[in-house]
Participant: 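Mind having a look at this structure? Questions to follow.
Because the structure is predicted, anything quoted here is derived from the model rather than measured. All heavy atoms count here, side chains included; hydrogens, waters and symmetry mates do not. Order of the sequence lines fixes the chain letters, A, B, ..., with proteins taken first and strands second; residue numbering starts at 1 for each chain.
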Amino acid sequence: KAGVTQTPRYLIKTRGQQVTLSCSPISGHRSVSWYQQTPGQGLQFLFEYFSETQRNKGNFPGRFSGRQFSNSRSEMNVSTLELGDSALYLCASSLGTSGPYNEQFFGPGTRLTVL
Amino acid sequence: DQQVKQNSPSLSVQEGRISILNCDYTNSMFDYFLWYKKYPAEGPTFLISISSIKDKNEDGRFTVFLNKSAKHLSLHIVPSQPGDSAVYFCAASARNTGNQFYFGTGTSLTVIP
């Protein structure tokens with residue numbers, strides 16, 4: 001079974017630009033969650049999509065948005081990039097059912113650098 | 001508001017000894033806890049989990065202990081191996097938050113040969 005894939009793996013942008021990241025979940029998984037990882041901050045939850053609907057949302061500004069397609073693939077968009085948006089963006093897929101045995105499986109991440 | 005906390009940013013242990021990684025949480029509604037392991041330039045990989053109806057779960061060299069009254073969980077690795085050197089994240093979720101997981105800030109474990 002193929003794992004979670006994220007594209008691109010690395011990205012360099014300048015302040016003010018926008019960026020779109022892509023995530024393909026494990027086949028059969030309907031939930032995709034996005035996280036931002038920065039040094040010392042752990043994994044900060046951005047949002048979760050389930051069956052094309054945003055089901056949960058973290059405390060990030062509206063510049064961060066996402067969507068999910070009918071095949072469960074998800075995209076995350078960041079507009080008007082700021083230097084502080086430089087981070088590793090991780091995508092995780094899961095079955096989406098609440099409770100035990102609902103582990104999240106992570107992709108390798110997209111390293112975004114904003115200059 | 002950090003609902004899941006890992007207060008030790010780093011830990012060094014001799015090969016063959018026990019590694020104990022700690023995690024505290026504040027939300028009493030959390031009922032499912034997980035540990036993930038992360039190598040540089042890779043995404044976290046699932047290691048072990050525990051439901052709130054249990055106080056211990058074991059998988060090979062890895063054991064997770066849950067103390068609900070203290071809102072504390074720990075991961076024990078015995079014996080520690082150099083390949084265990086990685087960053088370890090604990091995470092928690094609650095049924096009333098659906099599929100949202102809350103992660104700690106991670107503990108970097110170094111196992112010295």
Participant: Report yes if the distance between the aromatic ring centroids of A:Tyr35 and B:Phe103 is under 6.0 Å, otherwise no.
Facilitator: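 Yes - the distance between ring centres of A:Tyr35 and B:Phe103 falls below the 6.0 Å cut-off.
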Participant: Given that the side chain runs from C-beta out, which part of A:Arg9 has a heavy atom under 4.5 Å from chain B: side chain, backbone, both or neither?
Facilitator: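 Side chain only.
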Participant: Shared ILVMFWY cluster between B:Leu73 and B:Leu11, side chains joined below 4.5 angstrom?
Facilitator: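 Same cluster: B:Leu73 reaches B:Leu11 through Ile, Leu, Val, Met, Phe, Trp or Tyr contacts under 4.5 Å.
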Participant: Say whether A:Phe50 and B:Phe101 are linked into one hydrophobic cluster, either directly or through other cluster members, by side-chain heavy-atom distances under 4.5 angstrom.
Facilitator: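 No, it is not one cluster - the side chains of A:Phe50 and B:Phe101 are not joined through contacts under 4.5 Å.
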Participant: If Ile, Leu, Val, Met, Phe, Trp and Tyr residues are connected whenever their side-chain heavy atoms lie under 4.5 Å apart, and connections chain through other members, are A:Tyr89 and A:Phe60 in the same group?
Facilitator: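 A:Tyr89 clusters together with A:Phe60.
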Participant: Contact between A:Leu88 and B:Lys38 at the side-chain level, heavy atoms closer than 4.5 Å - yes or no?
Facilitator: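 Yes; the side chains approach each other to less than 4.5 Å.
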Participant: Should A:Leu81 and A:Leu11 be counted in the same cluster of Ile, Leu, Val, Met, Phe, Trp and Tyr side chains packed under 4.5 Å apart?
Facilitator: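 Yes, A:Leu81 connects to A:Leu11 through the hydrophobic network.
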Participant: Heavy-atom count around A:Arg63 CZ within 6.0 Å, excluding the residue itself: above 12?
Facilitator: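 Yes - once you tally the heavy atoms of other residues, nucleotides and ligands closer than 6.0 Å, there are more than 12.
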Participant: Looking at B:Tyr36 and A:Gln104, would you say the former's side chain and the latter's main chain have a donor-acceptor pair under 3.5 Å?
Facilitator: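 Yes, because the side chain of B:Tyr36 sits within donor-acceptor range (under 3.5 Å) of the backbone of A:Gln104.
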Participant: Report whether B:Tyr25 and B:Ile48 are members of the same hydrophobic cluster (ILVMFWY, side-chain heavy atoms less than 4.5 Å apart, transitive linking).
Facilitator: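 They do share one cluster, since a chain of ILVMFWY contacts under 4.5 Å joins B:Tyr25 to B:Ile48.
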Participant: Whether the A:Glu103 and B:Tyr32 side chains hold a donor-acceptor pair (N or O, under 3.5 Å, no angle test) is what I'd like checked.
Facilitator: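 Yes, side-chain donor-acceptor contact under 3.5 Å.
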Participant: Checking A:Gln37 against chain B: side chain, backbone, both or neither under 4.5 Å from a heavy atom?
Facilitator: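 Contact with chain B involves the side chain of A:Gln37 alone.
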Participant: Any chance you could lay out the side chain to side chain contact (heavy atoms under 4.5 Å, CB included) test for A:Leu43 and B:Phe89, step after step, and finish with the verdict?
Facilitator: CA-CA 9 Å; A:Leu43 276 68; B:Phe89 291 96; 3.5 Å; yes
Participant: Between B:Pro44 and chain A, which part of the residue has a heavy atom less than 4.5 Å away: side chain, backbone, both or neither?
Facilitator: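 For B:Pro44, the contact with chain A is made by backbone and side chain together.
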